[in-house]
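Below, chain A is the first sequence line, B the second, and so on; all start at residue 1.
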Number of protein chains: 2
Amino acid sequence: MTEELFKPRRARAAHAQGKRATLKDVADRAGVGQITASRALREPGKVSPALRARVLEAVEALGYVANQVASGLASGASRVVPVLIPTLAHAVYVPFLRGVHDELDRHGYEVLLGTTDYLEATEAKLVSTLLGWFPAGLLLAGVDHAPPTRLRLQQAVAAGLPVVEFMDLAEAPLDMNVGFSHPAVGAAVAAYFADRGCRHIAYAGTQASHDHRSTRRLQGFRAELAARGLPEHYALRSEEPFSMALGGRLLAELLQRHPQVEAVFFANDDLAAGAVLEAQRRGLRLPAQLAVMGFNDLEIAAAMHPSISSVAVDQYGMGQRAAALLLERLAGGAPAATRLDTGFRIVERATTAGPGAGA
Amino acid sequence: MTEELFKPRRARAAHAQGKRATLKDVADRAGVGQITASRALREPGKVSPALRARVLEAVEALGYVANQVASGLASGASRVVPVLIPTLAHAVYVPFLRGVHDELDRHGYEVLLGTTDYLEATEAKLVSTLLGWFPAGLLLAGVDHAPPTRLRLQQAVAAGLPVVEFMDLAEAPLDMNVGFSHPAVGAAVAAYFADRGCRHIAYAGTQASHDHRSTRRLQGFRAELAARGLPEHYALRSEEPFSMALGGRLLAELLQRHPQVEAVFFANDDLAAGAVLEAQRRGLRLPAQLAVMGFNDLEIAAAMHPSISSVAVDQYGMGQRAAALLLERLAGGAPAATRLDTGFRIVERATTAGPGAGA
DNA sequence: CACCGCTTTGGTAGCGCTACCATACATGCT
DNA sequence: AGCATGTATGGTAGCGCTACCAAAGCGGTG
């Protein structure tokens with residue numbers, strides 16, 4: 001009659017885990033308690049060498065792989081870190097992701113990838129779902145979040161979840177923050193052009209209503225021009241997503257509206273590259289008649305002919321630092337800094353070379 | 001004395017989940033059984049509209065978010081799909097990842113990112129760990145796996161885990177397979193050059209011992225040359241990872257060893273771009289004196305001056321299809337095909353334009 | 001009006017692991 | 001020797017959810 005008690009009550013979801021060895025199997029084979037087997041794997045120092053060896057032998061023999069899900073449920077913590085970036089369609093976020101991944105991987109954490117498409121609603125949904133994974137931490141692109149999302153994140157932070165916002169600097173970060181100042185970039189580029197004698201300096205970008213960082217660059221840009229008494233109304237922003245072709249169209253429209261424009265700061269290198277091609281079609285001499293600056297310093301900026309000046313940002317390093325900050329917090333210590341400015345650098349190339357916008 | 005029984009026995013890991021509402025809270029508030037609440041969320045059709053509404057109201061009011069970990073443990077299945085690619089350092093794998101992510105995201109699955117760095121040992125470790133997450137499926141770059149890894153994967157497949165190998169075609173895939181034939185690419189490029197009158201046709205690549213796909217392209221390349229009675233020994237493969245600079249060095253070495261070389265097929269566009277710059281430094285006319293073909297058709301191939309011919313592969317589509325195949329299987333139906341050839345296309349540009357390797 | 005089969009709802013056990021506590025034993029001290 | 005102290009090991013409960021089964025409700029049928 002005890003037979004009844006021993007027969008498995010249900011067939012598992014017949015998944016990959018079908019017949020996998022459990023920790024109990026390992027413990028039985030090694031002739032130790034289950035908890036000792038668990039310790040031998042997680043805290044080797046607390047188990048005598050003899051037992052530890054037996055456990056490891058059993059693990060090897062049975063091909064045991066820890067069930068992360070059960071572990072996560074029991075401990076209320078996992079080794080998964082979701083990373084939310086706007087999109088994979090743009091090369092910019094990839095080095096960042098790589099930096100994060102390299103650093104987390106080295107420490108045994110997994111990266112769960114999420115893309116928001118610059119939409120707050122998508123971000124909100126992702127944050128909800130991903131919090132359901134008991135993540136070890138959370139990495140979020142940008143510092144702008146819908147109020148309900150922000151509230152939920154604040155609660156999570158208060159409960160001890162390490163969160164790093166990156167790509168931008170916030171006045172009041174949710175928790176930790178690694179990035180650079182977009183207004184400062186805009187101001188620096190405006191100053192760069194102005195210092196070279198340009199007077200009619202324009203900004204061209206995309207996804208006006210969603211890309212808050214581009215908006216902030218434009219703000220810094222305008223403020224600097226205004227401070228110098230230069231016209232600051234040459235700005236054109238499309239709602240379309242970026243592409244090289246769009247860069248050409250933006251330049252065409254800009255020149256039609258404001259033929260006097262001498263220099264343009266594009267929201268990214270793809271746009272700038274498209275604009276350079278359009279300028280060449282129109283027979284404009286670069287930078288003599290038109291100076292062009294991109295943003296992000298992608299490979300294409302250096303590869304184009306003429307090569308395109310751009311603003312370089314250390315995306316990979318930013319990713320590494322963001323992950324490192326998170327790891328420090330997880331390791332228990334308060335991190336050295338909770339707000340890191342990774343800066344930027346104007347890379348001067350052919351499309352802006354020389355004083356006076358060329359010539 | 002029953003007091004004892006009710007006091008919580010331990011403080012949870014004080015993590016993000018600290019005070020989060022559980023399914024039981026939702027059920028209590030809605031005045032239904034816990035299981036009914038669960039069903040209302042997962043199988044709405046099986047619950048009466050009235051109760052469903054009450055449950056949803058409670059979810060809303062409490063800000064309930066399902067605990068994915070507990071759900072995964074109880075059901076033996078999760079909505080996570082690990083994707084293993086060689087590296088994020090190369091732009092090639094990103095569109096693939098994007099295709100996968102877009103498709104899976106649309107269906108409510110999460111992507112867990114892993115990179116192998118072309119190392120079988122790393123792949124083995126990742127496969128082990130990731131299997132511990134009760135993944136819904138598995139996406140693996142390449143069809144070459146270390147024997148123990150292969151064995152473990154076969155067991156998982158036998159147990160019902162859907163696995164898709166991509167980027168390459170296998171004689172005997174583990175399960176499903178989406179990719180294109182690398183030998184066919186090599187042969188097609190060899191034929192392309194030969195048809196244009198080249199006789200001394202070389203191959204240049206990197207990471208000789210790790211990049212099996214590059215090796216197979218070389219094999220197809222050589223076979224085609226041999227079949228045409230052309231010399232097939234002009235091959236140079238470095239162990240270094242690819243970079244533009246390395247492309248230049250490879251070309252220099254190749255020309256030193258075999259000055260008669262007229263055409264080179266590079267293992268990727270970055271190498272080709274570096275080689276083009278080196279050729280320009282040497283004053284070689286492209287393609288008259290040297291024809292160059294890249295691989296992957298990255299943006300840089302079109303942006304360079306002269307523009308570089310390349311072999312285009314629909315990485316994004318490959319990712320989408322790989323994910324779609326996996327989803328079909330998960331949906332229960334046997335997928336239409338388990339082996340999909342996504343093909344390739346030679347994109348002719350300035351570095352190979354015209355007959356006779358230029359004229 | 002009793003009976004059947006269907007749908008809707010709930011109880012319960014357990015997924016595999018880890019936190020907490022208890023126990024056994026070795027060590028060093030008075 | 002007798003006791004406190006520390007170290008190594010094990011038992012047990014429970015993490016939050018879902019699979020299985022049982023029971024209740026309900027309308028239709030002969």
Asker: Leu23(A) has an atom CG; how far is it from atom C1' of dA19(C), in whole Å?
Answerer: 14 Å
Asker: Given dT18(D), is OP1 or OP2 found less than 4.0 Å from the side-chain N or O atoms of Ser71(B)?
Answerer: yes
Asker: For Asp25(A) and dG16(C), what is the distance between atoms CG and C1' respectively, to the nearest whole Å?
Answerer: 11 Å
Asker: Counting distance only, does the side-chain N/O of Asp25(B) pair as donor-acceptor with the main-chain N or O of Thr22(B) below 3.5 Å?
Answerer: yes
Asker: Separation of Gln34(B) atom CD from dC17(D) atom P, in whole Å?
Answerer: 7 Å
Asker: For Glu43(A) and Leu51(B), find the nucleotide of DNA chain C closest to each by heavy atoms; which residue's nucleotide sits nearer the 5' end?
Answerer: Leu51(B)
Asker: Starting at atom CG of Asp28(A), determine the distance to atom P of dG10(D), rounded to an integer number of angstrom.
Answerer: 11 Å
Asker: Please determine if a side-chain N or O atom of Ser48(B) lies less than 4.0 Å away from the OP1 or OP2 oxygen of dT9(C).
Answerer: yes
Asker: Among dC17(D), dC17(C), dG10(C), which nucleotide sits nearest the side chain of Thr36(B)?
Answerer: dG10(C)
Asker: Using atom CZ of Arg54(A) as one end and atom C1' of dA8(D) as the other, report the distance to the nearest whole Å.
Answerer: 13 Å
Asker: Please determine whether a side-chain nitrogen or oxygen atom of Ser38(B) lies at a distance below 4.0 Å from atom OP1 or OP2 of dC17(D).
Answerer: no
Asker: Among the nucleotides dG10(C), dC17(D), dC17(C), which one has an atom lying closest to any side-chain atom of Val32(B)?
Answerer: dG10(C)
Asker: According to side-chain contact (heavy atoms from CB on, under 4.5 Å), who are the partners of Leu23(B), at least two apart in sequence or on a separate chain?
Answerer: Gln34(B), Ala37(B), Ser38(B), Leu41(B), Tyr64(B)
Asker: Which is true for Val69(B) with a 4.0 Å heavy-atom rule: it touches a base, it touches only sugar-phosphate, or it touches nothing?
Answerer: nothing
Asker: Could you tell me how far apart Phe134(A) (CZ) and dA19(C) (P) are, to the nearest whole angstrom?
Answerer: 13 Å
Asker: Begin with the C-alpha distance, continue with both residues' side-chain angles, and end with the deciding distance and a verdict on ring-ring contact (aromatic ring centres under 6.0 Å, His included) for Tyr316(B) and Phe96(B).
Answerer: CA-CA 5 Å; Tyr316(B) 182 83; Phe96(B) 175 86; 9.6 Å; no
Asker: Ignoring backbone atoms, test whether Tyr64(B) places a side-chain nitrogen or oxygen under 4.0 Å from the OP1 or OP2 oxygen of dG16(D).
Answerer: no
Asker: If you compare all heavy atoms of Leu112(B) against all heavy atoms of Trp133(B), which two are closest, and at what distance to 0.1 Å?
Answerer: CD2-CD1, 4.1 Å
Asker: Rounded off to whole Å, could you give me the CG-to-C1' distance for the Leu73(A) and dC17(C) pair?
Answerer: 8 Å
Asker: Would you kindly give the CD-to-P distance between Gln68(B) and dG16(D), to the nearest whole Å?
Answerer: 14 Å
Asker: Ignoring backbone atoms, establish whether Arg39(A) has a side-chain N or O less than 4.0 Å from OP1 or OP2 of dA8(D).
Answerer: no
Asker: Going by the side chain to side chain donor-acceptor pair (under 3.5 Å) test, name the single residue among Glu120(A), Glu123(A), Arg152(A) that passes it with His145(A).
Answerer: Glu123(A)
Asker: Output, in order, the C-alpha distance, side-chain angles, deciding distance and verdict of salt bridge (charged side-chain N to carboxylate O under 4.0 Å, His left out) for Arg106(A) and Asp102(A).
Answerer: CA-CA 6 Å; Arg106(A) 201 195 338 277; Asp102(A) 284 359; over 6 Å; no
Asker: Arg321(A) side chain to Leu340(A) main-chain N or O, any donor-acceptor pair under 3.5 Å?
Answerer: no
Asker: At under 4.0 Å, does any side-chain N or O of Thr22(A) touch on OP1 or OP2 of dG16(C)?
Answerer: no
Asker: Using five pairs at either end of the helix from dC1(C)-dG30(D) to dT30(C)-dA1(D), determine the angle between the two local helix axes and round it to 10 degrees.
Answerer: 50°
Asker: Between dC15(D) and Arg20(B), is there an OP1 or OP2 to side-chain N/O distance shorter than 4.0 Å?
Answerer: no
Asker: Strictly below 4.0 Å, N to O, side chains only: are Arg29(A) and Glu57(A) in salt-bridge contact?
Answerer: yes
